[in-house]
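Take a look at the structure set out below.
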Amino acid sequence: MKPFAYHQPDRLPDAAKLLTSIEDSKLVAGGMTLIPTLKQGLASPPALVDLSKLGDLKGISDDGATITIGAMTPHAAVAASQLVQAKIPGLAALASMIGDPAVRIRGTIGGSVANNDPAADYPAGVLGLGATVVTSTREIAADGFFRGLFETALEPSEIITAIRFPVPLKAGYAKFKAPASRYALVGVFVAKSADGVRVAVTGAGSGVFRVPPMEEALSRNFDPSAIAAIRIDTDGLTSDIHAEADYRAHLVTVMAKRAVDAALS
């Protein structure tokens, strides 16, 4: 690991200023991805900007129609939140499936969403629920936020401050996890609202994506049987040492059916 400067601001404007004034500096939230990357020599930023002192970026609030989760809120807090469990139980279930207890205690929702790992769980929940990513400068709809492998709409000086989730009528998440990492080989989040159904898939490709044929079928009949015959095209799906593209395509349908079951139960 190469030497780097370390900053721990206690105000959001100071953190944003450090990002712009020190070229190629990196934010640290929970550090679950960045720290191992530094140790392996895969990244060598000149400075780290630690957000852990920004207490106003933590917490979960409810305005009736939406649940807002601060960017520095740990996965464990989302999973244990009685508010999230009551209003969006599928999101609480998703948070409970992330990594192991140590990861859930340290890792944060904002860090996960900003990193946009193609096998991470939260992107499926954010896209599946049609959430809004709130940053230090603007608000970004989920459909325009995720842009592929580790890429998002965030500008270099932007910091995620919160994620705002519309409360759905029903929602569920299911994933087939890699045994060692607990990342999703395939994870599917399904949400039903007054506007229709959204189906978001993580782990299967270079980034999270929606499945319009499943959304249309579930909008007509919100039942696992409605999507049982839908097959996913393997074009653009990942083939690696864990699973071939055709197996991942099969898992998308299986996990989507389980997610609908979870939403109904």
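Just the heavy atoms: all of them, side chains too, but no hydrogens, waters or symmetry mates, feed the values below.
Under a hydrophobic-cluster definition in which Ile, Leu, Val, Met, Phe, Trp and Tyr are linked whenever side-chain heavy atoms come within less than 4.5 Å, directly or via other members, Val190 and Val126 are assigned to different clusters. Leu264 and Val197 fall within a single hydrophobic cluster, where Ile, Leu, Val, Met, Phe, Trp and Tyr are joined by side-chain heavy atoms under 4.5 Å apart, directly or via other members. Criterion: ILVMFWY side-chain heavy atoms under 4.5 Å apart, direct or through other members. Under it, Leu57 and Val49 are part of a common hydrophobic cluster. One hydrophobic cluster, built from ILVMFWY side chains closer than 4.5 Å, holds both Val113 and Ile88. At a threshold of 4.5 Å between side-chain heavy atoms, the hydrophobic network of Ile, Leu, Val, Met, Phe, Trp and Tyr places Leu27 and Val134 in two separate groups.
The salt bridge (charged side-chain N to carboxylate O under 4.0 Å, His left out) analysis of residues 245-265, with sequence neighbours excluded, yields the pairs Asp240-Arg248.
The side chain to side chain contact (heavy atoms under 4.5 Å, CB included) test applied to Gln40 returns Pro36, Leu42, not counting sequence neighbours.
The nearest pair of heavy atoms linking Ala174 to Ala259 is CB-N, 3.7 Å. Pro9 and Leu54 make their closest contact through O-CD2, 3.7 Å (heavy atoms, listed as atom of the first residue, atom of the second, distance). Closest approach of Ala5 to His7, counting heavy atoms only: CB-NE2, 3.9 Å. The minimum heavy-atom distance between Phe189 and Leu129, with the atom names listed, is CE2-CG, 3.5 Å. Residues Phe4 and Pro45 approach most closely at CB-O, 3.4 Å, considering heavy atoms. When every heavy atom of Ile227 is checked against every heavy atom of Ala256, the shortest pair comes out as CD1-CB, 3.6 Å.
The residues Arg198 and Asp143 are annotated as salt-bridged, a charged nitrogen and a carboxylate oxygen being separated by less than 4.0 angstrom.
Residues Ser44 and Leu38 fail the side-chain proximity criterion, which asks for heavy atoms closer than 4.5 Å. Residues Pro168 and Lys192 form no side-chain contact, since every pair of their non-hydrogen atoms from C-beta on lies 4.5 Å or further apart. With a 4.5 Å cut-off on side-chain heavy atoms, Lys53 and Arg11 do not count as touching. Between Ile109 and Pro74, every side-chain heavy-atom pair lies at or beyond the 4.5 Å cut-off. Contact of the Met214 side chain with the Val252 side chain is registered, since non-hydrogen atoms from C-beta on lie closer than 4.5 Å. Within the 4.5 Å cutoff, no side-chain heavy atoms of Thr152 are placed close to those of Arg147. Using a 4.5 Å heavy-atom threshold, the side chains of Leu34 and Leu48 count as touching. For the pair Val78 and Thr73, the minimum side-chain heavy-atom distance is below 4.5 Å.
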side-chain hydrogen bond (donor to acceptor under 3.5 Å, both in side chains) assessment of Glu158 paired with Thr137: CA-CA 7 Å; Glu158 274 187 293; Thr137 60; 3.0 Å; yes

Test log, rule side chain to side chain contact (heavy atoms under 4.5 Å, CB included), inputs Phe209 and Leu127: CA-CA 8 Å; Phe209 61 90; Leu127 186 61; 5.5 Å; no

Verdict with reasoning, Val167 to Ile67, per side chain to side chain contact (heavy atoms under 4.5 Å, CB included): CA-CA 7 Å; Val167 176; Ile67 298 289; 4.0 Å; yes

Stepwise side chain to side chain contact (heavy atoms under 4.5 Å, CB included) check, Val84 with Phe165: CA-CA 10 Å; Val84 180; Phe165 295 92; over 6 Å; no

Trace of the salt bridge (Lys or Arg N to Asp or Glu O under 4.0 Å) decision for Glu215 with Arg210: CA-CA 8 Å; Glu215 294 176 345; Arg210 292 172 62 184; 2.8 Å; yes

Steps toward side-chain hydrogen bond (donor to acceptor under 3.5 Å, both in side chains) verdict (Ser52, Asp50): CA-CA 6 Å; Ser52 61; Asp50 185 352; 3.0 Å; yes

Ser112 and Asn115: CA distance, side-chain angles, deciding distance, side-chain hydrogen bond (donor to acceptor under 3.5 Å, both in side chains) verdict: CA-CA 5 Å; Ser112 175; Asn115 189 49; over 6 Å; no

From CA spacing to verdict: side chain to side chain contact (heavy atoms under 4.5 Å, CB included), Ile60, Thr68: CA-CA 6 Å; Ile60 302 170; Thr68 299; over 6 Å; no

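Ser21 places a side-chain N or O within donor-acceptor distance of the main-chain N or O of Lys17, the cut-off being under 3.5 Å. A donor-acceptor pair is defined here as one N or O able to donate and one able to accept, closer than 3.5 Å; such a pair exists between the side chain of Thr37 and the backbone of Thr33. With hydrogens and angles ignored, the 3.5 Å screen pairs a side-chain donor or acceptor of Thr202 with a backbone N or O of Pro118.
Note: Phe176 CZ to Leu251 CG = 6.0 Å, rounded to the nearest 0.5 Å. Rounding to the nearest 0.5 Å gives a distance of 7.0 Å between OG of Ser81 and CD1 of Ile69. Atom NE2 of His242 sits about 6.5 Å away from atom OG of Ser181, to the nearest 0.5 Å. Atoms CG and OG1, from Leu154 and Thr135 in turn, are 7.0 Å apart once rounded to the nearest 0.5 Å. Within the model, atoms OH of Tyr173 and CE of Met255 stand 10.0 Å from one another, a figure rounded to the nearest 0.5 Å. Here the OG1 atom belonging to Thr108 is positioned 9.0 Å from the OH atom belonging to Tyr122, to the nearest 0.5 angstrom.
Among the candidates Lys177, His75, Lys175, Arg182, the single residue satisfying the side chain to side chain donor-acceptor pair (under 3.5 Å) test with Asp121 is Lys175. When each of Asp10, Ile160, Ile159, Val28 is tested with Leu51 by the rule side-chain contact (heavy atoms from CB on, under 4.5 Å), just one qualifies, namely Ile159.
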